[in-house]
Amino acid sequence: MPQAVIAIHGGAGTITRAAMDARREREYTAALEQVLQSGQRVLAEGGSALDAVTEAVRLLEDCPLFNAGKGAVLTHAGTYELDAAVMDGATRNAGAVACVKRLRNPVLAARAVLEHSEHVLFAAEGAEAFAQAQGLELVSPDYYFTQARHDQWQRAQAGTGMALLDHDAAALAAKGADPLDADKKFGTVGAVACDANGNLAAATSTGGVTNKQVGRVGDTPVIGAGCYADDIAAVSATGTGEMFIRTVAAFDVSAQMRYAGLSLEESARRVVMEKLVAIHGRGGLIAVDRDGNVSLPFNTEGMYRGVARVGEPVNVWIYG
Ligand code: ASP
């Protein structure tokens with residue numbers, strides 16, 4: 001049996017050491033470490049991979065540093081629309097919600113869909129009604145507000161009016177670059193885990209891309225694109241969602257292993273460094289296989305990420 005392990009991400013993008021100040025670096029590092037420790041604890045106490053990834057993503061949603069739950073980015077209309085998914089590799093059960101505007105923790109709604117519904121994906125008001133019936137917490141849109149995201153949205157509105165991705169902001173702003181480009185970063189969050197029984201699970205949650213059109217849904221809640229788990233691999237992605245949908249990126253990591261016999265590392269590398277790049281897809285993913293191997297490739301300057309094996313110190317990285 002493998003040693004239980006959890007990996008998380010807090011988004012990819014133009015995240016460079018040059019643009020990061022020491023205080024922010026410490027904030028991100030501490031947040032990632034705390035979340036990893038919580039996930040590690042779930043696994044150490046014999047919890048399932050599904051429980052570990054749900055808890056990790058719930059905590060990342062509550063952390064305003066990341067673009068999910070509190071801290072989510074704004075749509076073109078200045079509103080919030082959140083997406084999340086969770087998948088259990090052992091059973092292939094999955095649950096997802098898209099375009100929700102009033103749920104404190106979209107990942108808990110996704111988990112409720114997985115457990116208590118015959119369906120896989122709920123959208124908008126229907127998703128909120130389902131979550132409410134399951135006893136989940138509703139919030140007013142002000143709950144998601146952070147000044148940083150609001151400023152970022154205003155810069156995007158003043159620019160081309162195109163949708164922008166999340167973590168590129170600070171880097172380019174620091175270089176005095178065009179403030180529009182300054183907001184190209186992907187702050188989605190996710191977790192993958194392999195538990196002590198060798199079962200795998202993945203969860204992903206996001207506010208999407210800054211200044212996106214109302215009603216736009218990215219890869220995050222699309223099973224096989226931004227989130228996937230089976231008996232071979234569990235994958236959570238972050239990046240330009242449209243390209244992850246078009247390459248069926250998360251599923252492809254597992255599929256190449258199953259059909260072509262690739263290792264986790266090689267399969268994840270081909271998806272991120274070749275297949276996504278071929279259609280100008282930017283971002284990265286985190287993946288774990290049933291032997292507890294972990295792969296964290298990204299084709300951007302950085303990706304907030306970390307790994308914690310049960311019984312070992314946690315490891316966090318930001319840059320390439
Ligand atoms: N993949 C997300 C989306 O397209 C964005 C992100 O990763 O930050 O909605």
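Atoms within a ligand are numbered from 1 in the order they appear, just like the ligands themselves.
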Check whether any N or O atom of [X], backbone or side chain, sits under 3.5 Å from an N or O atom of ligand 1, and answer yes or no.
{"X": "Thr238", "value": "yes"}
{"X": "Gly218", "value": "no"}
{"X": "Gly239", "value": "yes"}
{"X": "Gly208", "value": "no"}

query = Gln132 side chain to Leu138 main-chain N or O, any donor-acceptor pair under 3.5 Å?
reply = no
request  = Measure from the side-chain N and O atoms of Gln3 to the backbone N and O of Val310, and report whether any donor-acceptor pair falls under 3.5 Å.
outcome  = yes
task = Say whether Arg216 and ligand 1 are in contact under the criterion: heavy-atom distance to a ligand atom below 4.0 Å.
result = yes
Sub-4.0 Å heavy-atom contact, Gly187 with ligand 1 =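 In this structure, Gly187 qualifies as a contact of ligand 1 - some heavy atom is under 4.0 Å.
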key: CG on Leu74 to CZ on Phe145, rounded to 0.5 Å   = 8.0 Å
request  = With atom 6 (C) of ligand 1 as the reference point, say which of Thr206, Thr188, Thr220, Asn67 has the nearest heavy atom.
outcome  =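 Among Thr206, Thr188, Thr220, Asn67, the closest heavy atom to atom 6 (C) of ligand 1 belongs to Thr188.
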task = Determine whether Leu60 and His9 make a side-chain contact, defined as any pair of heavy atoms from C-beta on separated by less than 4.5 Å.
result = no
task = Would you check, one step at a time, whether the test side chain to side chain donor-acceptor pair (under 3.5 Å) holds for Glu81 with Thr75?
result = CA-CA 7 Å; Glu81 295 186 348; Thr75 67; 5.5 Å; no
inquiry  = Tell me the closest heavy-atom pair linking Tyr80 and Ala72, and the distance in Å.
reply    =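 So the minimum-distance heavy-atom pair works out to CE2-O, 3.4 Å.
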query = Which of parallel (below 30°), tilted (30 to 60°) and perpendicular (above 60°) describes His119 and Phe122?
reply = perpendicular
request  = Within a distance under 4.0 Å of any heavy atom of Asp219, pick out the atoms of ligand 1 and give their elements.
outcome  =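 Answer, ordered by atom number: 1 (N), 2 (C), 3 (C), 4 (O).
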query = So which bit of Arg282 gets within less than 4.0 Å of ligand 1, heavy atoms only: side chain, backbone, both or neither?
reply = neither
